[in-house]
Amino acid sequence: MSLINLNDLKGCTEKDREDKLTKCDAKVSRHIYLIRHGQYNDADCESERTLTGKGREQADLTGQRLATLANEGINFNGIVYSSLTRSTETADIISRRLPGIKMCSSNLLHEGAPTRPVPPESRWRPDLDYFKDGPRIEAAFRKYIHRADPEQTKDSYEIIVCHDNVIRYFVCRALQLPPDGWLRMSLYHGSITKMVVYSNGDVSLITLGDAGYMPPGKLSGA
């Protein structure tokens, strides 16, 4: 109903009203793959926060995993990635395993502190961090995690390469769990978190931080 101009319903029959509503209904599902970037160099300057050798290997292993899914019939629609260096490099490495895939960067997906966690984290953060980052990360959630558009006619398979805090917050919000519980989860570098948003708006979490395709010696970050 929120997608319809109510003025258009004036004088409509009940059947016309139902037809207009049906046209606004989602008809298919969105399969969303949330990828955490690989291990990176912890530097003061953003441009120097590049992937380590292990981080590049992690990204490539994740790319291989996604390529295996593509070979089994999953047609990935594209990659949206955080424009920070470590996520950009991770997305680039993954894309080499998925030739021809569409790429798009986003500043909304930058890492940050989404909301004050409960229980509180061990190192204190000023409220400014949450007030600054929280609205942006919430805006990213609303932009990227939603049911399919009414015009979409078949299931989509979408890859989002971003950050630990962002993914954990998205999971809490999508599952209608208290968002302040985001810090209770932990994700490996390069891991895959998959959610499905069904046509009726229901959401299922299929995997959380899956890195079982990586050798134990390549794991880090959790």
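This one's a predicted model, so the numbers in the text were calculated from it and none came from an experiment. Side-chain atoms are counted along with the backbone in the values below, which use heavy atoms only and exclude waters and symmetry mates.
With rounding to the nearest 0.5 angstrom, the CG atom of Asp210 is 8.0 Å from the OG atom of Ser191. The distance from atom CD of Gln152 to atom OG of Ser199, rounded to the nearest 0.5 Å, is 10.5 Å. Annotation: the span from Leu61 atom CG to His189 atom NE2 amounts to 14.5 Å, rounded to 0.5 Å. Rounding to the nearest 0.5 Å gives a distance of 11.5 Å between CD of Gln64 and CD1 of Ile93. Here the straight-line distance linking atom OG of Ser95 with atom CG of Leu66 works out to 11.0 Å at 0.5 Å rounding. Here Lys154 contributes atom NZ and Lys27 contributes atom NZ; the two are 16.0 Å apart, rounded to the nearest 0.5 Å.
Leu51 and Met103 fall into different hydrophobic clusters, defined by Ile, Leu, Val, Met, Phe, Trp and Tyr side-chain heavy atoms under 4.5 Å apart, directly or through other members. Connection of Ile74 to Leu98 is established within a shared hydrophobic cluster, with ILVMFWY side chains joined at heavy-atom distances below 4.5 Å, either directly or through further cluster members.
Side chains of Val196 and Arg30 form no contact here, defined as non-hydrogen atoms less than 4.5 Å apart. Between Tyr198 and Ser204 the shortest side-chain heavy-atom distance falls below 4.5 Å. His31 has its side chain within reach of Ser29: a pair of non-hydrogen atoms, C-beta onward, lies under 4.5 Å apart. Inter-residue side-chain proximity for Asn107 and Arg136 is flagged as unmet; no heavy-atom pair is nearer than 4.5 Å.
Shortest non-hydrogen contact noted between Cys162 and Ser87 is O-OG, 3.5 Å. Across Trp182 and Pro179, no two heavy atoms sit closer than the pair CD1-O, 3.0 Å. A pairwise comparison of heavy atoms in Arg147 and Gly201 identifies NH2-CA, 3.6 Å as the closest pair. Contact between Thr85 and Ser47 at its shortest, heavy atoms only, is OG1-CA, 3.9 Å. Scanning all heavy atoms of the two residues, the minimum distance from Gly221 to Ser186 falls at O-OG, 4.2 Å. Closest heavy-atom contact between Gly181 and Cys172: C-SG, 4.0 Å.
In this structure, Arg86 pairs ionically with Glu46, as a charged nitrogen and a carboxylate oxygen lie closer than 4.0 Å. Arg116 and Asp127 are joined by a salt bridge, as a carboxylate oxygen and a charged side-chain nitrogen come within less than 4.0 angstrom of each other. Ion pair Arg97/Asp60 flagged as a salt bridge, since at least one NZ, NE, NH1 or NH2 atom sits closer than 4.0 Å to an Asp/Glu carboxylate oxygen.
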### Task
Report the C-alpha distance between Glu138 and Arg173 in whole Å, list the side-chain angles of each, state the deciding distance to 0.1 Å, and finish with yes or no for side chain to side chain contact (heavy atoms under 4.5 Å, CB included).
CA-CA 9 Å; Glu138 173 64 18; Arg173 286 284 282 109; 2.7 Å; yes

#### Entry: Worked check of ring pair (Phe, Tyr, Trp, His ring centres under 6.0 Å) between His37 and His163
CA-CA 6 Å; His37 58 77; His163 306 269; 5.1 Å; yes

### Task
Tell me, with the steps shown, if Ile101 and Ile159 meet side chain to side chain contact (heavy atoms under 4.5 Å, CB included).
CA-CA 10 Å; Ile101 194 167; Ile159 299 169; 4.3 Å; yes

### Task
Test side chain to side chain donor-acceptor pair (under 3.5 Å) on Ser220 and Gln58 and set out the steps.
CA-CA 9 Å; Ser220 66; Gln58 292 164 341; 2.9 Å; yes

### Message
Could you walk me through whether Leu84 and Tyr81 satisfy the side chain to side chain contact (heavy atoms under 4.5 Å, CB included) test, starting with their C-alpha distance in whole Å, then the side-chain angles of each, then the deciding distance to 0.1 Å, before giving a yes or no?
### Response
CA-CA 9 Å; Leu84 293 181; Tyr81 58 93; over 6 Å; no

### Task
Check the pair Asn77, Ser156 against side chain to side chain contact (heavy atoms under 4.5 Å, CB included), reporting the backbone distance first and the verdict last.
CA-CA 6 Å; Asn77 297 76; Ser156 59; 3.5 Å; yes

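Counting heavy atoms of neighbouring residues, nucleotides and ligands inside a 6.0 Å radius, atom OH of Tyr188 does not exceed 12 of them.
Through chains of ILVMFWY side-chain contacts below 4.5 Å, Leu187 is grouped with Ile32, Leu34, Val80, Leu109, Ile137, Phe141, Tyr144, Ile145, Ile160, Val166, Ile167, Tyr169, Phe170, Val171, Leu175, Leu177, Met185, Met195, Val197, Val203, Leu205, Leu208.
Using a distance-only test at 3.5 Å, with no hydrogens or angles considered, a donor-acceptor pair links the side chain of Asp133 to the main chain of Ala113.
Only one option out of Asp149, Thr153, Asp155 pairs with Val28 in a side-chain contact (heavy atoms from CB on, under 4.5 Å); it is Asp155. Each of Thr62, Ile192, Ile79, Thr207 was evaluated against Tyr33; a single residue qualifies, Ile192, per the side-chain contact (heavy atoms from CB on, under 4.5 Å) test.
For the residue pair Thr50 / Asn41, a side-chain donor-acceptor distance below 3.5 Å is found, with atom types taken as modelled.
Both the sub-6.0 Å distance and the 45° axial angle are not jointly satisfied by Arg49 relative to the ring of Tyr40.
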